[in-house]
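Take a look at the structure below.
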Amino acid sequence: MSGSGGTATGGTSLGTGGSVAVGGNASGGTTAGTGGTSPTGGTATGGTTPTGGASPTGGTATGGTTPTGGQATGGESTKGGSDTGGQATGGDPSTGGSVVEGCIPAPTTYPNLFVTVSGHTQEESDGKVSNAWSSLFNPSGSGTIYFNGPGSDESYVQDIWNNDVRSEGMSYGMMAAVQLDHQTEFDRLWTWVRNHMAQGCSGDVCTGEIAWSCQTSGSKKSNGGAPDGEEYMATALIFAHNRWGDTGKFDYATEAQWVLDIIRTKYFHTNPHLVKFVASANTTDPSYILPAFYQVWACFDAANTDFWNTAITDGREFFHHGVDGNGVCPYQSSWDGSQPQPANADSVRCVVNLMMDYNFFKADPWQSETYAPMFAAHERNAGPPSSYCNALLGFGLPDADGKAFVDKLWSANVPNRDYWNGVLYMLAMLHVSGNFKLYY
């Protein structure tokens, strides 16, 4: 999570019609036990993976197979449509999304808004994504946020503004690496996490939280975990398991289960099933609520499918009353969305959480019919990094209304040695270009 207690350099408050950290790093300062972000990556090793993805070696086919233990109900539809074949059974999506029974398939196609909405070619889009990776995740590049060391086979993403390494940024780097098929960089990042952030380890087995902040030397600045980082780590490890198999440096499936167990047992409130701000908190941070990821977990973690399915439903429902009249998320709030704290740098990520869920599953019409136009009206003039995340509104809006948001991301320069803006730019590029796929 972005550090609480810091200011957004040059930024304006989300709650007052602007973006957080316009033109600056939004992660200054943290309190003990809170989290941070910083991206990661690797050296530039070519372009993006082909449209549609390659078939994973040792894993499931790109786009997802019918998940073990799940129902093959509900297909994927094009942007703006309803699920072909029906939604998952058992719920009323008008009141917070369907109550999913078992595991539903991943989408089979992933729209590229740069092509379908902005009118660029696939080749141009691939070049944009490749340039983002090579600029941000090349340890010898002048604009990089990814660095090698201190060990010989490990790398980290640095929050340059705060001069530390944060679990959230490491997880974002892992996600970018697996999506773009950079296994070497993925393994170097996870090695850094295992060597310096992991806790409660005996041999290859760990049971503790992943420390949210470390020095670049590897020494811990905090022993507490930040759920947002671990949520992305768990999901990235599941994708690595299904895309690459477990024949390399790590047994990705075992690693993913360890992180999922931490999340489930330490970081989740159970009535409703919502993620906590930190393990000891009695509040949630809406930017941590990721229903699309919970669907991945419901398919992977068969022993706890019911738990994650409830988290999907409760997570979708939360946003109906957890955002304000402009669609802006608070920094933290009570479980029912009351007692909201003012929006901060974290809040810009909520649009990503909501719009990727709509893009992948289209289980909650509120996300496109109510939230997307409401938030779009508020964000017309937003600058970076909000404008990067806002490009995902294109998944929920009619093309004519979404084009301005997609075009703004297309025309933006790759952030230069800027960790917070850089990771959000990279994630937005992956989603909007159709390169963010669900490997489960």
Side-chain angles (χ1 to χ4, degrees), residues 19 39 41 44 46-54 62-63 76-81 106-137 143 172 175-182 292 348-349 351-362 367-368 372-373 375-376 379-380 382-416 421-439:
S19 64
T48 62
T49 54
T51 303
T62 302
E76 197 248 357
S77 64
T78 57
K79 182 173 75 70
T108 56
T109 60
Y110 297 85
N112 182 340
L113 301 184
F114 290 139
V115 174
T116 62
V117 174
S118 286
H120 301 284
T121 67
Q122 185 64 49
E123 183 179 9
E124 289 171 332
S125 175
D126 290 345
K128 275 279 189 180
V129 176
S130 178
N131 183 54
W133 171 266
S134 61
S135 297
L136 292 167
F137 301 120
Y172 287 170
M175 184 62 75
V178 71
Q179 294 295 344
L180 297 178
D181 201 21
H182 294 297
V348 303
R349 302 178 299 184
V351 64
V352 177
N353 300 1
L354 282 157
M355 289 294 96
M356 76 162 151
D357 186 40
Y358 182 75
N359 177 38
F360 295 149
F361 300 112
K362 295 179 175 63
Q367 294 169 341
S368 65
F375 193 59
E379 292 291 291
R380 291 295 181 192
S386 294
S387 57
Y388 307 150
C389 300
N390 292 344
L392 276 76
L393 286 167
F395 290 119
L397 295 170
D399 288 354
D401 296 331
K403 188 176 187 301
F405 295 102
V406 178
D407 287 351
K408 192 175 286 189
L409 175 62
W410 178 267
S411 63
N413 294 323
V414 180
N416 184 55
N421 285 0
V423 287
L424 294 182
Y425 177 88
M426 186 76 250
L427 289 177
M429 291 294 294
L430 291 172
H431 281 288
V432 174
S433 68
N435 280 289
F436 196 112
K437 299 178 174 68
L438 301 182
Y439 296 93

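Predicted model only: the values in this text are computed from it and were never measured.
- Ring geometry, Phe436 versus His431: the interplanar angle falls under 30°, so the pair is classed parallel (tilted spans 30 to 60°).
- Separating the CG atom in Asn390 from the CE atom in Met355 is a distance of 10.5 Å, to the nearest 0.5 Å.
- Side-chain contact between Asp357 and Lys362: absent, with no pair of heavy atoms (C-beta onward) separated by less than 4.5 Å.
- In this structure, CZ on Phe375 lies 6.5 Å from CG on Leu393, to the nearest 0.5 angstrom.
- Checked by atom type and distance alone, the side chain of Ser411 pairs as donor or acceptor with a backbone atom of Lys408 at under 3.5 Å.
- The aromatic rings of His120 and Phe114 sit perpendicular to each other, their planes meeting at more than 60°, with 30° as the lower class boundary.
- Contact annotation: the side chain of Met426 never approaches that of Tyr172 to less than 4.5 Å [non-hydrogen atoms, C-beta and beyond].
- Leu424 CG to Tyr388 OH: the interatomic distance, rounded to the nearest 0.5 Å, is 9.0 Å.
- With a 4.5 Å cut-off on side-chain heavy atoms, Leu392 and Asn359 do not count as touching.
- Side-chain contact check for Gln367 versus Leu354: some heavy-atom pair is nearer than 4.5 Å.
- Closest non-hydrogen pair, Val432 versus Ala391, comes out as CG2-CB, 3.8 Å.
- Residues Val406 and Ser118 come closest through the heavy atom pair CG1-OG, 3.1 Å.
- Side-chain contact between Phe361 and Leu438 is present, with at least one heavy-atom pair separated by less than 4.5 Å.
- Contact annotation: the side chain of Asp401 never approaches that of Pro373 to less than 4.5 Å [non-hydrogen atoms, C-beta and beyond].
- The shortest side-chain heavy-atom distance between Val129 and Gln179 does not fall under the 4.5 Å cut-off.
- A distance-only check finds a donor-acceptor pair linking the side chain of Ser433 to the backbone of Met429 [under 3.5 Å].
- Within the 4.5 Å cutoff, the side chain of Leu409 has heavy atoms near those of the Tyr425 side chain.
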